[in-house]
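See below for the structure under consideration.
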2 protein chains.
Amino acid sequence: MRNKKIGCAKFGFKMSNILYAVFLYLLMDNSLSGYTLTEELSKVGIDPSYIPTGITYRLLRDMEANGLLVSKWETSGTGPAKRVYRITESGKKYLEAWIVKAKRNLNTMQNLISLIEGRLKDEQNK
Amino acid sequence: MRNKKIGCAKFGFKMSNILYAVFLYLLMDNSLSGYTLTEELSKVGIDPSYIPTGITYRLLRDMEANGLLVSKWETSGTGPAKRVYRITESGKKYLEAWIVKAKRNLNTMQNLISLIEGRLKDEQNK
DNA sequence: TCTGTTATGTGTAAAATTCATATAGGTGAA
DNA sequence: TTCACCTATATGAATTTTACACATAACAGA
């Protein structure tokens, strides 16, 4: 048996991958800033206060560098300037590819969890 | 909004956490060596060849250090000596606690994925 | 002017993962 | 008998990911 690589990534549930997907999803309807995106995480069941802002802003810059998003500064309106992100065609394609992998990995996790749960219930009934 | 922590761990799907659970599950019926445990990953839908042996053996030592497993050397039988692991009561408790968190996190992922999938389907039908 | 909210960002530490490599006993075939 | 291959365990170091701490700045209202 040889050494190969795996990681959370293989299950599609690496933190940064999930946030990539969520941000792309949230941006499909509107262009939004990093701050607003963080707040809207609650819409998908993620507590925004758990996400360090350092991660959010760095991920968004990475996503832009990878061509999934484009940004422009918005200085109008109240408060400090916002960097507002818009999804690209490449970003949509990325999300479509992600969902395929994510579903497969969700299945793996689902099977694993029901297997373990079943075994633990057997133990209780002994 | 303040900075807090998250990570794969918050979703319960960190690589090492999954392997902890799988190993504990596999050890509920028999005592097994690291090598055999790796092979038996296929029973739960994980391709053993994807798991670097470096990770497996290190995780098992960690688990023992944390009291979830105990090991003894088995020199009888063919081939080189095996370090055979057995699950402890503490290991069983860990697995029970893990499954609760894992189910919750699976739910979060499930909702997230169906949300995104639904949105992508809308897009196709436009 | 001081506090709080909105808003974006960076440097560095810590943790997790991967890669490369080492060791060693046993088996079977050329 | 030596060479290739399988079983079996292990570690050092590089890389990647994630978390923590902090810095900056515009504006609003007391």
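Lettering of chains follows the sequences in order, A, B, ..., and the numbering in each one begins at 1. Predicted model, so just to flag it, every value in this text is computed and none were measured. Basis for what follows: all heavy atoms, side chains included, without hydrogens, waters or symmetry-related copies.
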Q: Would you kindly compare A:Trp73 and A:Arg58 by the position of their nearest DNA chain C nucleotide and give the one closer to the 5′ end?
A: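 Going by which nucleotide is closer to the 5' end, it is A:Trp73.
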Nearest-Å distance, [atom1] ([X]) to [atom2] ([N])?
X: B:Tyr57; N: C:dC19; atom1: OH; atom2: C1'; result: 17 Å
X: A:Tyr35; N: D:dC27; atom1: OH; atom2: P; result: 17 Å
X: B:Glu39; N: D:dA8; atom1: CD; atom2: P; result: 7 Å
X: B:Lys82; N: D:dC6; atom1: NZ; atom2: P; result: 17 Å
X: B:Asn17; N: C:dA15; atom1: CG; atom2: C1'; result: 12 Å
X: B:Tyr85; N: D:dA8; atom1: OH; atom2: P; result: 14 Å
X: A:Glu74; N: D:dA25; atom1: CD; atom2: C1'; result: 17 Å
X: B:Lys72; N: D:dA8; atom1: NZ; atom2: P; result: 16 Å

Q. Who pairs with B:Tyr94 by ring-ring contact (aromatic ring centres under 6.0 Å, His included), at least two apart in sequence or on another chain?
A.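 Applying ring-ring contact (aromatic ring centres under 6.0 Å, His included) to B:Tyr94 gives B:Tyr20.
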**Q.** Nucleotide nearest A:Thr78 when distance is taken to its side chain, options C:dA7, D:dC27, D:dT7
**A.**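 Of C:dA7, D:dC27, D:dT7, D:dC27 is nearest to the side chain of A:Thr78.
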Q. Among D:dT9, C:dT17, C:dA24, which nucleotide sits nearest the side chain of B:Ser33?
A.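 The closest nucleotide is D:dT9.
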Q. Are A:Val84 and A:Phe23 connected in the hydrophobic side-chain network, where two residues link if heavy atoms are under 4.5 Å apart?
A.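 They do not share one cluster, since no chain of ILVMFWY contacts under 4.5 Å joins A:Val84 to A:Phe23.
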Q) Can you list the residues that meet the side chain to side chain contact (heavy atoms under 4.5 Å, CB included) rule with A:Asn30, with sequence neighbours excluded? A)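 Result, side chain to side chain contact (heavy atoms under 4.5 Å, CB included) vs A:Asn30: A:Leu32.
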Q | Lys/Arg-Asp/Glu bridge criterion (N-O < 4.0 Å) met for A:Glu96, A:Lys92 | A |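 Salt bridge between A:Glu96 and A:Lys92, a charged N being under 4.0 Å from a carboxylate O: no.
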Q.
Would you say B:Ser16 places a side-chain N or O within less than 4.0 Å of OP1 or OP2 belonging to C:dT17?
A.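 Looking at the OP1 and OP2 atoms of C:dT17, one of them is under 4.0 Å from a side-chain N or O of B:Ser16.
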Q. Within less than 4.0 Å of OP1 or OP2 of C:dG9, is there a side-chain N or O belonging to A:Arg61?
A.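 For C:dG9, OP1 or OP2 has a side-chain N or O of A:Arg61 closer than 4.0 Å.
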